[in-house]
Structures are given as structure tokens and as C-alpha cells.
There are 2 protein chains.
Amino acid sequence: MAQPVNFGPLAHQPAYRLGSEKIRHAIISGEIEAGELLPTETDLAEQFGVTRSTVREAIRLLEHVGILGRADRKRLVVTRPGTEAVGRSVSSAMLMHQVTFEELWQVAMGLEPLAGKLACLSATDAEKQLLADNLVRTREVMADHDALLEAEIDFHNLVAQASHNSALLLARAPLNELFYPAWGAVIRALSPGERILVAHQHVYDAICAGDQEKAEEWMEKHMRDFRRGIELGNLGFDKPVRGQV
Amino acid sequence: MAQPVNFGPLAHQPAYRLGSEKIRHAIISGEIEAGELLPTETDLAEQFGVTRSTVREAIRLLEHVGILGRADRKRLVVTRPGTEAVGRSVSSAMLMHQVTFEELWQVAMGLEPLAGKLACLSATDAEKQLLADNLVRTREVMADHDALLEAEIDFHNLVAQASHNSALLLARAPLNELFYPAWGAVIRALSPGERILVAHQHVYDAICAGDQEKAEEWMEKHMRDFRRGIELGNLGFDKPVRGQV
DNA sequence: TGCTGACATATTGTCCGACAATATGTCAAT
DNA sequence: ATTGACATATTGTCGGACAATATGTCAGCA
């Protein structure tokens, strides 16, 4: 049987998508740098040869990813997407894929010890100080579950930041949104404040001493504690994390 | 000195953002499931009490992240963001942060061996077959640099998929966009086809045998080869990856 | 001088109404 | 059963309009 020619679809892109791609490209290629102002909507409309409404749609397309933002809630400005923006979009995706706590935990086991290890190499004195402050604060709020969770999340963020690896920082962004909040249930159920503090303390010591293996090892231990907590509390280790976002 | 009351800013959100949040929430909370159609723009406009233009902006805000898409390039449909959508948005972020190849490599060292390890536990026969096919293909195209790179990327995607961990799949999405393409330069410079194949073969064997340690170990070896290749070819291990996106 | 207020200006947020292009559904004709 | 004609629904794009708000300017006043 003679197959008729397959032309494939006539990839006709709507104008707002073309415009958004053009802007995106200009930004990523470095033609426009972070912090710079974009032309006004009217100007863009004129340049693209479309109406302002279309330009606006093109802009919105990029805004949610964090590439564009408002400087003074007026003019558009090119921004570097922070961990929040990335975390938000990736965790929406994970939520829709019904990611289980176990799956997140496995990813965390891949990334968090790595963060600890790298922090040993790159942490500055200022960052070590921030970690020390965090330990103090953690001890203070040990009884307050919400504050404890916040301190806990903070600690891991500080470690990640001390790794001075932006790729890692962004890759682990969704953990902040999904993994650690789920941990809140464990804290309320088991009050493992002391155990958390011990682990953090060891990680901190290792970072100060520049002892990579120890940092990695204690981060792993810490993560295993997470897992044990969820299992002990029977909090649905193999069930999808639900989004409180 | 008596501090005057601090009211904080009057967080006035534009309507298109409110609308987008409302839709996003409905989707994430499961009120609307993936695959379902959204009401028409006119309906949404009526429900929200705004004009269609505003609704359209709200929709665009979500479209780029992959939560919304076109079913038949007409009606809006709720979609699960795939690795492409996530990869695209996260890698834009990484590019703007001037992520270096070294940083990406470190993340890959955290995730790829993990993927190999998990694949040992979860790979189905069909997935093993796909891996086997990939090995055959890799051997065939060993001389063709572009095709080889494609096969290489494919292999790692297949392994990741065999891990049956969506969180991992999404977390490593940016690697596909930035890390492996950079590897293309190495292939052209050093033609390490044979070395790649050997590593892949060992990973494949380990997965078939269910030998987690071996899979992990060979993935690590493979990654170290990457790094060595970049260093040997003097291809800018510590320089920002440039986006060809 | 330094602060305040009035005013013009630029830019975004929102609205309205309109039309073309395209996918869908229906029904008659072949 | 396939085709063609036609009405319908929905999106893509247009153009113009106005309100709200941030910025800049400048005179007035202590």
C-alpha cells in the first residue's frame, strides 16, 4: 500500500507565543540583562506589529516563570527567577503527578547530603554565622511546632546556599514547597526537636571543620530520621503529598 | 521612641493574577483533573466578573508552566506538565543565574546515580527492552556525533523513567536541557563513543540483574567520565553553560 | 535651603465591542 | 459511507477607551 506523503501539521503559532519566545530569547541570550527595564507595552506592540493586548499576553506567559517581574509594580523588569518562583512551578508539576512522599524523600536523599558536602568547601564565615544563629533559634523555639518547622526549613536553605551552587539551589527548590512542609505533621506528632537539633549541630560542626564526609553522613542520617518519623507516625509515606499551596 | 504602627503594603493584586491563582488552585486541589476541559473564556469571564482580555492574561500566566494547554489548539485543557515544560522553565532560571558546567555536574552526580539505583528496583521488562534497543542504536550511530548525543540523552531519560519516580524525573529535567547538550562538545572533540557504550552497558546489566550498587557505581563512573571529558577538552568546566535554547 | 502641594505625564490594569479564522455539529446529496 | 454546504462555538487579534498610579516638574512657603 502506497503511503501518502505526511506533511505534518502546519505549526502555526499564535502571535502571543511568538512574541513571548522573542522576548525570552532576548533575555536568555543576554541581550537584555537582569535588572534592566523592558520597553513599555506600547513600544513592544509597535515593534512587534501587534496590539497591546497581544503583547500583554506574551508578557504574562513569561511572568509566571519568574523571568519577568514588576520593578515598582509598574514598569516591567527582567528578573532572575529565585527559588520561590522555580519551586512554585516545579511543585505544581509534582503535585499533578501525584508525587508521593517517598519519591520526594528519595530526591532529597540525592540532593541534601550533596548540599552539606559542598557547603564544607564553600561556606563563608558569614554563612557559618547564619547557621550558628539558626541553631540558637532552633533551641529557643523547640517547643513551638510551627516555629520549629520554620527554623528547620531555614537551616536546610542556609546549607544549600552555603554550597554556592545555584543549580543545586534551584533543583532542590520544590523540596521547600512540598517535602519539608509534609515534615510538619511529624513534628506535631512526635516532637522530635532534640533529634533535629543534634543532627543540625553535627552538620554545622562538619561544615565549620570542612569535613565533607561527616557533613554528608549526618545529612543522610538526618534524612533517614525524616523517613522514620513519617513511617512511625503512619503519616502516609507512600501516599501523594497533598498541596497546601 | 514609640514605633508608629506598621501597616505593611496594601497587597493589591491585579485581577489577572487573582484569576490565575483561582484557576491554579482549582487545578492543584484536584477540583479539575488533568485532561478535563476548562470553561470557555467567555464563561470564565462571566464567572470572575471581568472581561475576556483579563481572563486571557490569567490563562497565559499558567500556560507557560505547563498546567494548561490546548487540546486541539482550540479549547483549553488541564495538563500535567511534562519534563519538557518543567525543564524549560527551570533551565531559563539556571541560565540567568549563570550556572556553570561544574555546578550542573554536581547536581547530576546527585541525581543520575540515584536514578540508576532506583531503576534496579522498578524497571519493567518493557523498559529494559527499551534500554536494550537504545544500546543497539548507540552502537549503530557511534560515528555520527549528533545521533550519538541524542542516543546518550535518550539512555539517561530511559533510566530515569525506569526509576518510576516522578519527582526525580522532574527534578532532573533541566539536565536534559543544559547538561547533556554541553556534553555534545565533548563528543565532537574526543569521540568517546566506545567509552560511553561500555558505561551504558554496565548500567544496563546492573538494572537487569537488580544490582543497585553496581548501577549506582557505574553511573558515577560515567558521570566522572563526563567531567574528565570536559576538562580534557578544555571546554570550560568552570564557565557558565550557554543556552542554545 | 528644604519641604509641601499642585499639576502634567507616562504606564499599566481593565473594560468594551468587533471581526476573522478555525474546529464542531448537523443535515442533505451523492 | 463519503462528501459538501451551512450554522455554531470558541479562540486569536484588533482598536480604542478610561481609571489608577508612579514619576517628574515647578511654584510656594517656612
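These values consider heavy atoms only, across backbone and side chains, with no hydrogens, waters or symmetry-generated copies. The sequence lines fix the lettering, A, B, ..., with proteins before strands; numbering per chain opens at 1.
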Subject >> A/W183 and A/F226 aromatic centres sub-6.0 Å >> reply: yes
**OP:** For A/R17, answer base if it contacts any base atom (sugar-phosphate contacts may also be present), sugar-phosphate if it contacts only those atoms, and nothing otherwise; contact means non-hydrogen atoms under 4.0 Å.
**Re:** nothing
**OP:** Fit a plane to each ring of A/H200 and A/H156, take the angle between them on a 0 to 90° scale, and name the class: parallel (under 30°), tilted (30 to 60°) or perpendicular (over 60°).
**Re:** perpendicular
Original post:
Got a donor-acceptor contact below 3.5 angstrom from the B/E103 side chain to the A/S166 backbone?
Top reply: yes
Original post:
OH of B/Y16 versus C1' of C/dT12: gap in Å, rounded?
Top reply: 8 Å
Subject >> Distance, rounded to the nearest Å, where B/L37 contributes CG and C/dT24 contributes P >> reply: 11 Å
Subject >> Closest listed nucleotide, where the reference is the side chain of A/R56 and the choices are C/dT14, D/dT11, D/dC14 >> reply: C/dT14
**OP:** Side chain of A/P14 only, please: which of D/dG12, C/dT11, C/dG13 is the nearest?
**Re:** D/dG12
Subject >> Integer-rounded Å distance: D/dG12 P and A/L18 CG >> reply: 12 Å
Original post:
Hey, does B/T51 reach any base, or is it just sugar-phosphate, or nothing, if we go heavy atoms under 4.0 Å?
Top reply: base
Original post:
For B/E46 and C/dC15, what is the distance between atoms CD and P respectively, to the nearest whole Å?
Top reply: 13 Å
Original post:
Within this structure, what is the CD1-to-C1' distance between B/I59 and D/dT10, rounded to whole angstrom?
Top reply: 11 Å
Subject >> Listed nucleotide nearest any side-chain atom of B/R52, set C/dC15, C/dG13, D/dG12 >> reply: D/dG12
Subject >> Distance test, side-chain N/O of B/T54 to OP1/OP2 of C/dC15, below 4.0 Å >> reply: yes
**OP:** Take the protein atom CZ of B/F48 and the nucleotide atom C1' of C/dC15, then report the distance between them rounded to whole Å.
**Re:** 17 Å
Original post:
Tell me: CG of B/L68 to P of D/dT11, nearest whole Å?
Top reply: 12 Å
Original post:
Contact class for B/G49 (heavy atom, under 4.0 Å): base, sugar-phosphate, or nothing?
Top reply: sugar-phosphate
Subject >> Closest listed nucleotide, where the reference is the side chain of B/E41 and the choices are C/dC15, D/dG12, C/dG13 >> reply: D/dG12
Subject >> Nearest-Å distance for atom pair CD/P, residues A/E57 and C/dT12 >> reply: 16 Å
**OP:** Assign each of B/P39 and B/S53 to its nearest nucleotide of DNA chain D by heavy atoms, then name whichever residue's nucleotide is nearer the 5' end.
**Re:** B/P39
Subject >> Closest contact, heavy atoms only, A/I207 versus A/K128 >> reply: O-CE, 4.1 Å
Original post:
Rounded to the nearest 0.5 Å, what separation is found between the CD1 atom of B/I187 and the CG atom of B/D146?
Top reply: 9.0 Å
